[in-house]
Amino acid sequence: QVQLVESGGGLVQPGGSLRLSCAASGRTITTYAMGWFRQAPGKEREFAAAFSWSADTTYYADSVKGRFTISRDIAKNTVYLQMNNLKPDDTAVYYCAARDTRGAYTTSRLYRYWGQGTQVTVSS
């Protein structure tokens, strides 16, 4: 199985940028479909971005499309989420997740492995 550790969260002003990292250990990320989800206070966990299992396709929530970019560094066994033009509504705990099955990449309950999360706060 894989272990996931997120980092890179913090406090940023509206319009600012952050890059989240998800360091994987135990198994290579090339054997998983990787995704980012987020959960704001009092709300359900929601999809943000993901790779398909083969990583040849990326998926984004409409709310982040054009502002967020998911990428990966196989040599570092790490997945990233570059977040630009951040808005107060992006404030949430961001989770990295992995699954070894295919399809429906935006569905959180299909992901088997989760990190502990990293807090992102967008505020002036």
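Small disclaimer: the values here were computed from a predicted structure and weren't measured.
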Check which hydrophobic residues are tied to Val5 through side-chain heavy-atom contacts below 4.5 Å, counting indirect links as well, and list them.
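Its cluster partners, ordered by chain and number, are none at all.
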
Apart from Tyr95 itself, what residues make up its hydrophobic cluster when side-chain heavy atoms of I, L, V, M, F, W and Y under 4.5 Å apart count as a link, directly or indirectly?
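Reading the cluster by chain and number, Tyr95 sits alongside Phe37, Phe47, Trp53, Tyr59, Val93, Tyr105, Tyr111, Trp114.
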
Taking all heavy atoms of Thr78 and all of Ala23, pick out the closest pair and write down the distance.
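So the two residues come closest at OG1-CA, 3.9 Å.
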
Among all residues two or more places apart in sequence or in another chain, which pass the side-chain hydrogen bond (donor to acceptor under 3.5 Å, both in side chains) test with [X]?
X	value
Arg72	none
Gln82	Asn84
Thr31	none
Thr30	Thr28

Listing request: all salt bridge (charged side-chain N to carboxylate O under 4.0 Å, His left out) pairs with a residue in residues 52-63, at least two apart in sequence or in separate chains.
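Sorted pair list: Asp62-Lys65.
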
Return each pair, listed once, that meets salt bridge (charged side-chain N to carboxylate O under 4.0 Å, His left out) where at least one residue sits in residues 13-42; pairs must be two or more places apart or across chains.
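Qualifying pairs: Arg38-Glu46, Arg38-Asp90.
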
Kindly write out the residues that satisfy side-chain contact (heavy atoms from CB on, under 4.5 Å) with Ser123, not counting sequence neighbours, or none if the list is empty.
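Leu11, Thr121.
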
Residues forming a side-chain contact (heavy atoms from CB on, under 4.5 Å) with Val120, sequence neighbours excluded:
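Counting only residues at least two positions away or on another chain, Val120 forms a side-chain contact (heavy atoms from CB on, under 4.5 Å) with Leu18, Leu20, Met83, Tyr94, Val122.
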
Could you pull out all residues at least two apart from Phe68 that satisfy ring pair (Phe, Tyr, Trp, His ring centres under 6.0 Å)?
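Partners of Phe68 by the ring pair (Phe, Tyr, Trp, His ring centres under 6.0 Å) criterion come out as none, since no residue qualifies.
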
Applying ring pair (Phe, Tyr, Trp, His ring centres under 6.0 Å), name anything that partners Tyr32, two or more places apart in sequence or on another chain.
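With sequence neighbours excluded, Tyr32 shows a ring pair (Phe, Tyr, Trp, His ring centres under 6.0 Å) to Tyr113, given in chain and number order.
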
